[in-house]
Amino acid sequence: MKGCVVPGRKIEDAQKAEQREGTRHSAAHIMAEAVLSLFPEAKFGIGPATADGFYYDFDLPRALTPEDLATIETKMHESIASNHPFFREEVSKDAAREMFSAQPYKLELIDELPDDTVTVYRHGSFVDLCRGPHVTSTGEIKAFKLLSIAGAYWRGDEQRPMLQRIYGTAFDTAEELESHLEKLDEAAKRDHRKLGKSLDLFSIHDEAGAGLVYWHPKGALIRNIIEDFWKSEHFKRGYDIIHTPHIAKIGLWQSSGHLEFYKDSMYPPIDIEGQNYLIKPMNCPGHILIYKTQLRSYRQLPLRWAELGTVYRWERSGVLHGLTRVRGFTQDDAHIFCRPDQLEDEVVGVVEFACFMLRIFGFDEYDVMLSTRPEKYAGTIEVWDQATDTLKRALERLHIDYEIDPGEGVFYGPKIDISLRDSLGRTWQGPTTQVDFNLPERFDVNYIGDDGLEHRVVMIHRTVLGSMERFLGCLIEHYGGAFPPWLAPIQVEVIPIADQHLDYAHKVALELESEGIRVETDERSERMNLKIRDAQLRKVPYMLIVGNEEEASSTVSVRLRNGENLKSQSLSQFKSLVKVIVESKKNV
RNA sequence: GCCAGCGUAGCUCAGCGGUAGAGCAGCGGUUUCGUAAACCGCAGGCCGUCGGUUCGAAUCCGACCGCUGGCUCCA
């Protein structure tokens, strides 16, 4: 399973990382100093360094505006110019309580610290409760920028006050800061919501409802290509494909435990002739109903049933985001019904499958997370431990590095989540594999063993892409909208130089079309330059320029979307080039 | 859901108390061109929705809907 192993973060000089953290943490203190000078009555939350920068949370008498950020930055520059040294002091808790008597959040933190003495850091007239470390003086902060203001609950608890958080970033050199800001720009350009609009892939409508996606022909085409590929890979791996309805009587969801454990994510019932029906938030109960239509023999297992199942989940309005967080989405779902002795092999197969799928789409790096028993759970601790161990063994067999996320499993079982890293190094939540010892219990899902007795089946609930919506969103950003030819809605744009070349252009297009190539001819009476520009903006992989020369020699002049101009080639040459590239699913 | 910001033509945006503007796209012409934008003209908006303040509201206030950045929560 080489290649599926997570390479981990770039091996950065540990010292440098530490230095950067000190820089960022110090920048947070300098920012707090600036905020305090602007708002003497400010109450301070926490101000840590993060993976990309730093933030600090404040309780302020009024809401911050973007203009405030500029003022705060100016004040920070003043503090940096003064080059105040940072001093570390150890003080008793009582002394600290006195020192921060006007700072209720700090007092709360002091109470929770385990040791009798705490450390504070001081620079200029500003002092903060802090573990450190910091740079030696404020003048060492060479490159920082404040980025945004956001609300954040104190200690992440929505029952507690909401503070104002200022995000910023800092680096040890101006060049590093610059390249980080460029990366943010690049990410903004690749935003799937922007590209979805400009490439005419999908839309979401106020009048229809938030978090509900409408796929336009081009977006739906990409989705269909992926779904077709997905289906054929499932058939190859011994899966069957099934379909189940979108609503079911409330009783089914009571039996499954969803009503008990998943109620917050489900929509209210629909009354149909006095019976209450619920829209499905998951596909599992439907698959179980099909399983139970027969007595199953141990010889039949494992049964692997896959469904592109559209589910609806109630998500709070504030969390919706483009395609990656929606209220209706299609899971590339499957349930595997197996015997306990088959579980490990099945998990191995699933994780291998997921890694295979990701690699096809150009995701070579991913992080694997094993989530264990949450607070609200169904079943017994013994069964949970058993399932968790099986998942661990499967990952170890695959030589996959993973981290454990304690308490983050679903109510019905532990899970393996894979998050993918895109071309900008950002992570996205993708495939998931969940063991389920619970539903078989609740629905009494059995098979007849070789001893002639009934045995409880084990279920695996899994996706290999995650959901079509989220995966497409991630894919759009990963490729920046420039899809590899096998996925590109239009693979070839034929560009006649003048109207007189239209006949030849049509001939070329027809021939490519007959080979199953997705081709379009730009028939407009416009200049060639404009047609090239438009095809370029639509990120069409191949542009074929045809004019007098090409027509005379029965060739095409090939331009790639990276601006590269391949020399003229015969139509048949070009045809086989495209076919090979599409077949290989490679990018160009 | 919470905090903050934002909703103006199909798209990107300007206007921010005196009655609506640009570029691109669209439509009609002219142009027939060699690797990222030819030219001229026309048309296009209850300024998110509802209510309030005002002689007068895109502009000020409120509610709702939606979007954005976060928090919390997730495929």
Side-chain angles (χ1 to χ4, degrees), chain A residues 55 57 59-60 62-66 68 147-167 188 191 193-194 197-198 200 203-211 262 264-265 281-283 309 311 313-333 408 410 415 417-419 428-432 434 461-463 465-471 473-474 495-502 524-537 543-550 557-561 563-566 568:
Chain A
Y55 66 82
D57 290 343
D59 195 343
L60 301 174
R62 68 164 173 87
L64 289 168
T65 65
D68 290 327
L147 297 172
S148 60
I149 307 163
Y153 298 108
W154 169 237
R155 318 210 87 177
D157 182 346
E158 51 187 296
Q159 305 304 320
R160 315 220 36 195
M162 180 162 271
L163 309 180
Q164 299 192 63
R165 175 172 296 179
I166 301 178
Y167 280 96
D191 190 316
R193 294 162 302 179
K194 271 198 171 119
K197 198 180 274 186
S198 64
D200 194 18
S203 54
I204 296 171
H205 302 265
D206 287 12
E207 58 268 55
Y262 210 71
D264 292 346
S265 300
M282 292 190 190
N283 304 302
V311 297
R313 297 184 188 174
W314 147 251
E315 299 278 359
R316 298 155 100 186
S317 58
V319 307
L320 300 173
H321 181 94
L323 293 179
T324 60
R325 196 70 189 273
V326 292
R327 284 180 172 161
F329 57 97
T330 301
Q331 289 185 305
D332 65 304
D333 211 355
E408 291 303 312
V410 208
K415 61 174 179 172
D417 284 325
I418 302 180
S419 55
W428 301 74
Q429 194 173 327
T432 180
Q434 306 171 348
H461 176 117
R462 53 104 274 191
T463 65
L465 299 175
S467 75
M468 297 314 294
E469 285 75 9
R470 184 174 283 177
F471 189 73
C474 174
I495 298 178
I497 289 176
D499 289 351
Q500 64 189 92
H501 307 119
L502 262 175
R524 294 175 303 169
S525 295
E526 293 286 354
R527 293 178 64 216
M528 175 201 65
N529 286 326
L530 181 83
K531 298 179 191 176
I532 288 172
R533 179 184 149 82
D534 284 355
Q536 186 81 42
L537 290 176
M543 288 163 245
L544 298 188
I545 317 298
V546 296
N548 290 333
E549 287 173 32
E550 287 75 15
S557 174
V558 185
R559 183 189 203 277
L560 304 181
R561 62 189 160 188
E564 199 181 332
N565 188 359
L566 305 184
S568 284

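Labels below follow one simple rule: chain letters A, B, ... track the order of the sequence lines, proteins then strands, and each chain is numbered from 1.
Judged as a side-chain hydrogen bond (donor to acceptor under 3.5 Å, both in side chains), and not counting sequence neighbours, the contacts of A:T65 are A:E67, A:D68. Judged as a side chain to side chain contact (heavy atoms under 4.5 Å, CB included), and not counting sequence neighbours, the contacts of A:Q164 are A:L60, A:A63, A:L64, A:I149. Contacts of A:V410 classified as side chain to side chain contact (heavy atoms under 4.5 Å, CB included), with partners at least two apart in sequence or in another chain: A:Y412, A:K415, A:Q434. Under the side-chain hydrogen bond (donor to acceptor under 3.5 Å, both in side chains) criterion, A:Y262 pairs with A:R313, not counting sequence neighbours. Partners of A:D206 by side-chain hydrogen bond (donor to acceptor under 3.5 Å, both in side chains), not counting sequence neighbours: none found. Every residue meeting the side chain to side chain contact (heavy atoms under 4.5 Å, CB included) condition with A:S203, not counting sequence neighbours, appears here in chain and number order: A:H205, A:Y214, A:H216. Taking A:W154 as the reference, A:Y105 meet the ring pair (Phe, Tyr, Trp, His ring centres under 6.0 Å) condition, with sequence neighbours excluded. Looking at residues two or more places apart in sequence or on another chain, you find a ring pair (Phe, Tyr, Trp, His ring centres under 6.0 Å) between A:Y55 and A:Y167. Residues that satisfy the side-chain hydrogen bond (donor to acceptor under 3.5 Å, both in side chains) test with A:R470, not counting sequence neighbours, are absent from this structure.
Using a 4.0 Å cut-off, some side-chain N or O of A:S317 falls inside it from OP1 or OP2 of B:G1. Note on A:Q331: every side-chain N or O is 4.0 Å or more away from OP1 and OP2 of B:A75. Proximity of A:H321 to the phosphate of B:C74: no side-chain N or O atom is located under 4.0 Å from OP1 or OP2. Checking the phosphate oxygens (OP1, OP2) of B:U72, no side-chain nitrogen or oxygen of A:R325 falls inside 4.0 Å.
The shortest non-hydrogen separation linking A:I495 to A:A535 is CD1-CB, 4.4 Å. When all heavy atoms of A:L566 and A:S557 are compared, the pair lying nearest together is O-OG, 4.3 Å. Across all non-hydrogen atoms, the minimal contact from A:W428 to A:T324 is CZ3-CG2, 3.3 Å. Of all the heavy atoms in A:V319 and A:R325, the pair that sits closest is O-CG, 3.0 Å.
Comparing B:C33, B:C71, B:A75 against the side chain of A:V326 picks out B:A75 as the nearest. Closest to the side chain of A:R313, out of B:A75, B:G1, B:C33, is B:A75.
Rounded to whole Å, the separation between the P atoms of B:A9 and B:G44 comes to 15 Å. Annotation: B:A22 and B:A14 have their P atoms spaced 16 Å apart (nearest Å). B:C6 and B:U31: their P atoms are spaced 50 Å apart (whole Å). A distance of about 11 Å separates the C1' atoms of B:U8 and B:U59, rounded to the whole Å. Atom C1' of B:C47 sits at a distance of 12 Å from the matching atom of B:G21, rounded to the whole Å. Here, B:G10 and B:G29 have their P atoms 24 Å apart, quoted to the whole Å. Comparing B:C13 with B:A38, their P atoms sit 24 Å apart, to the nearest whole Å. When the P atom is compared between B:C42 and B:C24, the two are found 14 Å apart, to the nearest whole Å.
B:C60 and B:G52 make up a base pair, with Watson-Crick or G-U wobble contacts both under 3.5 Å. Taking a pair to require two hydrogen-bonding distances under 3.5 Å in either a Watson-Crick or a G-U wobble arrangement, B:C33 remains unpaired. In a base pair of the Watson-Crick type (N1 to N3 plus N6-O4 or O6-N4) or a G-U wobble (N1-O2 and O6-N3), with each distance short of 3.5 Å, B:G17 is matched with no nucleotide. Here B:G1 sits opposite B:C71 as a Watson-Crick or G-U wobble pair (both hydrogen-bonding atom distances under 3.5 Å). For B:G45, there is no paired nucleotide, since no Watson-Crick or G-U wobble pair has both relevant distances below 3.5 Å. B:G23 and B:C11 make up a base pair, with Watson-Crick or G-U wobble contacts both under 3.5 Å.
No hydrogens or angles were tested; on distance alone, nothing pairs the side chain of A:Y153 with the base of B:G70 as donor and acceptor under 3.5 Å.
The residue A:G547 sits close to a base: some heavy atom pair falls under 4.0 Å. No engagement by A:E207 is indicated, since no non-hydrogen atom pair under 4.0 Å with the nucleic acid exists. Residue contacts for A:K415: at a heavy-atom cut-off of 4.0 Å it reaches the sugar-phosphate backbone alone, with no base atom in range. Across all strands, A:E469 comes closer than 4.0 Å to no nucleic acid atom at all (heavy-atom distances). Using a 4.0 Å heavy-atom criterion, one finds that A:G466 contacts the sugar-phosphate atoms exclusively. Counting non-hydrogen atoms under 4.0 angstrom, A:D333 reaches nothing in the nucleic acid. No engagement by A:V311 is indicated, since no non-hydrogen atom pair under 4.0 Å with the nucleic acid exists. Residue-level contact check: A:S525 touches the bases, meaning some heavy atom is under 4.0 Å from a base atom.
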With the criterion being N/O to N/O and under 3.5 Å, what pairs connect the protein with nucleotides 35-37 of chain B, and how long is each?
unit_1: B:U35; atom_1: O2; unit_2: A:R559; atom_2: NE; d: 3.3
unit_1: B:U35; atom_1: O4; unit_2: A:S557; atom_2: OG; d: 2.3
unit_1: B:A36; atom_1: OP2; unit_2: A:R559; atom_2: NH2; d: 3.0
unit_1: B:A36; atom_1: N6; unit_2: A:Q536; atom_2: NE2; d: 3.4
unit_1: B:A37; atom_1: N9; unit_2: A:R533; atom_2: NE; d: 3.4
unit_1: B:A37; atom_1: N7; unit_2: A:R533; atom_2: NE; d: 3.4
unit_1: B:A37; atom_1: N7; unit_2: A:R533; atom_2: NH1; d: 3.0
unit_1: B:A37; atom_1: N7; unit_2: A:R533; atom_2: NH2; d: 3.4
unit_1: B:A37; atom_1: N6; unit_2: A:R533; atom_2: NH2; d: 2.5
unit_1: B:A37; atom_1: N1; unit_2: A:R533; atom_2: NH2; d: 3.0

Enumerate the protein-to-nucleotides 7-12 of chain B contacts in which both atoms are nitrogen or oxygen and the separation is below 3.5 Å.
unit_1: B:U12; atom_1: OP1; unit_2: A:K197; atom_2: NZ; d: 3.3

Could you list all N or O pairs between the protein and nucleotides 3-5 of chain B that sit under 3.5 Å apart?
unit_1: B:C3; atom_1: O2; unit_2: A:G151; atom_2: N; d: 3.2

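We find that CD of A:Q159 is positioned 12 Å from P of B:C73, with the value rounded to whole Å. Rounded to whole angstrom, the span from the CD1 atom of A:I495 across to the C1' atom of B:U32 amounts to 15 Å. Distance A:D157 CG to B:G1 C1': 14 Å, rounded to the nearest Å. For A:R524 and B:U30, the CZ to P distance is 18 Å, given to the nearest whole Å. Rounded to an integer number of Å, the gap from A:R316 CZ to B:G70 C1' is 14 Å.
Atom CE of A:M162 and atom CG of A:D157 lie 11.0 Å apart (nearest 0.5 Å). To the nearest 0.5 Å, atom CE of residue A:M543 and atom CZ of residue A:R533 are 12.0 Å apart.
A stacking contact between A:Y167 and B:G70 is absent: the pair does not combine a ring-centre distance of less than 5.5 Å to the base's six-membered ring with planes differing by less than 30°.
Nearest-nucleotide positions on RNA chain B place A:H205 closer to the 5' end than the other of A:H205 and A:E408.
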